[in-house]
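As structure tokens, the structure follows; a few thoughts come after it.
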Amino acid sequence: MLQACGQSVQLQDIPSMKDFMAAVTDTKEVVKLGEGTYGEAFKSGSVVFKLVPMEGDNLINGWPQKGAADLLGEAVIAIALSGLGEEADAAGNPYPSHTQAFVKTHRVGVCRGPYPQSLIKAWRAWHKKNKSENDPIEGFPRDQLYAVFAMANCGKDLEGYCLQGYDEARAMMLQVALALAVAEDSLAFEHRDLHWGNVMLRPAAAANSHVTARLRGSTLRAATCGAEVTLIDFTASRLQTPGGDVAFCNLEAEEGLFDGPKGKPQFETYRRMRKLTATDWAGSYPGTNVLWMQYLAELLLSSDKPIPGASTAQKRGLREFKKRLAGYSSCGEVIWDELFSGLLEVVQQ
């Protein structure tokens, strides 16, 4: 883990959490953003820090801490996907694959010690307002280790974002599919957990703005219709590095993941992935990305995230799109679906 993150492998050189964060950004103003089963998320300025205790004896919200080996894959994936945001090499030669739709990772690393008081204060403020489901973060020993992911702040997640109509919903799905198509082609990437909390949106500079990507050497331009998309959280993801190493998460080890409520799109998608991969989580199955596109379509057709002002014909078009997805094997095929007519163009081949 230390080697992959470019840190000294000497344990005495591992920085404190406070020092690690201060090396990335000014940490005078820290707020808690959210929480997960195994860790916490805080924001300072324009940087989000995901902090995951690891390798220790303390239970985390009733669960054993993750090992460094468990988090190594996520670290490798985050760094590789962030690299897709680079358009050209040092000599100015354009890369054949490019997208800025994956969260920019400023730094991934390891720190140690207890949480600093600024984060404890932020945790308590969030708990007072939101009633945390996690255990308090005080009391970790001085030798406690953490994996730290320092990332760009990407706006609001799809759950909390208010879509402004049918075209913005179409554009959102196209941007997701295009990002996945680029990463499929260049890194054999599968997200494998693209629920509405991992699709981030922020208002675009203008309603008629576009985002660009490069796929197999061709430059593509996708309309945003008012909202730009960023994909986050690669805990469950899989990819193959340019060097040929495969990073993945064995989802069979995630207790209860496949036992969620029947009929709920997110949990049904986990079970569909399991069937598609036959539990071979190290293997390449880009169809899992298509399953998450089906999830998004189903979500937009549900009462959980209805599209404001969508007509009967538009809803029918979305249902037909969801059916057509069953015939696609990757998002490289999905981006050319008729649902996205008028939103995607090839500007250079």
Side-chain angles (χ1 to χ4, degrees), residues 33-36 41 48 101-103 130 133 153-181 190-204 207 209 211 222-237 257 260-273 288-326 328 331 334-335 337-344:
L33 278 188
E35 61 187 24
V48 173
F102 292 99
V103 61
N130 300 284
E133 295 181 5
N153 186 19
C154 305
K156 288 186 177 180
D157 63 22
L158 178 58
E159 181 180 8
Y161 192 89
C162 183
L163 292 169
Q164 301 297 309
Y166 182 67
D167 281 342
E168 191 170 276
R170 283 198 306 147
M172 177 272 293
M173 287 193 291
L174 172 59
Q175 290 177 72
V176 171
L178 182 56
L180 293 173
E190 300 164 46
H191 191 287
R192 295 183 174 177
D193 196 18
L194 203 51
H195 58 74
W196 62 353
N198 289 335
V199 178
M200 308 296 290
L201 298 104
R202 61 181 181 276
S209 67
V211 295
T224 67
C225 296
E228 291 188 14
V229 169
T230 304
L231 306 185
I232 66 168
D233 195 349
F234 314 117
T235 308
S237 299
L257 184 67
K262 291 185 178 180
K264 290 287 186 179
Q266 179 178 344
F267 294 99
E268 292 297 343
T269 304
Y270 295 139
R271 288 187 279 269
R272 290 167 187 156
M273 282 201 306
T288 63
N289 287 332
V290 180
L291 292 178
W292 286 103
M293 293 302 301
Q294 288 180 309
Y295 158 85
L296 289 174
E298 191 169 350
L299 185 66
L300 295 175
L301 288 165
S302 72
S303 58
D304 292 330
K305 195 66 181 180
I307 302 172
S311 67
T312 299
Q314 289 169 337
K315 292 177 184 177
R316 183 170 59 250
L318 191 54
R319 282 194 295 271
E320 291 170 354
F321 168 68
K322 181 173 174 286
K323 292 178 182 177
R324 289 194 299 273
L325 284 170
Y328 297 135
C331 281
V334 173
I335 59 174
D337 187 87
E338 64 188 71
L339 181 77
F340 305 127
S341 177
L343 298 180
L344 181 65

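Just the heavy atoms: all of them, side chains too, but no hydrogens, waters or symmetry mates, feed the values below.
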Any Y328 side-chain heavy atom under 4.5 Å of I335 side chain: no
Reported CG-to-CG distance for the pair N289 and L325, which is rounded to 0.5 angstrom: 11.5 Å
Listed partners of R319 passing salt bridge (Lys or Arg N to Asp or Glu O under 4.0 Å), at least two apart: none
Minimal non-hydrogen separation, P261 against F267, with atom names: CD-CD1, 3.6 Å
Backbone of M273 reached by a side-chain donor or acceptor of T288 within 3.5 Å: no
Shortest non-hydrogen contact from A101 toward A179: CB-CB, 3.5 Å
Salt bridge (Lys or Arg N to Asp or Glu O under 4.0 Å) partners for R316, two or more places apart: none
Partners meeting side-chain hydrogen bond (donor to acceptor under 3.5 Å, both in side chains) with Q175 (sequence neighbours left out): none
E268 side chain to G263 backbone, donor-acceptor under 3.5 Å: yes
Can I get a per-line list of side-chain donor-acceptor pairs under 3.5 Å for residues 290-303, giving both atom names and the distance, sequence neighbours left out?
| from | atom 1 | to | atom 2 | distance (Å) |
| --- | --- | --- | --- | --- |
| Y295 | OH | W196 | N | 3.0 |
| S302 | OG | L299 | O | 2.7 |
| S302 | OG | D304 | N | 3.2 |

Point-to-point distance, once rounded to the nearest 0.5 Å, from CD of E159 to OH of Y161: 15.5 Å
Salt bridge (charged side-chain N to carboxylate O under 4.0 Å, His left out) evaluation trace for K323 with E320: CA-CA 5 Å; K323 292 178 182 177; E320 291 170 354; over 6 Å; no
Inter-residue atom distance H191.NE2 - L231.CG, 0.5 Å rounding: 6.0 Å
Non-hydrogen side-chain atoms of D157 and V199 separated by less than 4.5 Å: no
Which pairs of donor and acceptor atoms, one on a side chain in residues 164-172, lie under 3.5 Å apart (sequence neighbours left out)?
| from | atom 1 | to | atom 2 | distance (Å) |
| --- | --- | --- | --- | --- |
| Q164 | NE2 | C162 | O | 3.0 |
| D167 | OD1 | R170 | NE | 3.3 |
| D167 | OD1 | R170 | NH2 | 3.1 |
| E168 | OE2 | Q164 | N | 2.9 |
| R170 | NH1 | L339 | O | 2.6 |
| R170 | NH1 | S341 | O | 3.3 |

Gap separating the CZ atom of R192 from the CG atom of L194, nearest 0.5 angstrom: 13.0 Å
Side-chain heavy atoms of T312 within contact of K315, under 4.5 Å: no
Check: D193 and T235 side chains under 4.5 Å, non-hydrogen atoms: no
Nearest atoms (heavy-atom pairs only) where T224 meets A207: OG1-O, 4.3 Å
Pairing residues for D337 by the salt bridge (Lys or Arg N to Asp or Glu O under 4.0 Å) criterion, not counting sequence neighbours: R324
Test item: L180 and V334 side chains (from C-beta on) under 4.5 Å apart, heavy atoms: no
Within-4.5 Å side-chain heavy-atom neighbours: V103 and F234: yes
Non-hydrogen side-chain atoms of L178 and V229 separated by less than 4.5 Å: no
Within-4.5 Å side-chain heavy-atom neighbours: T230 and R202: yes
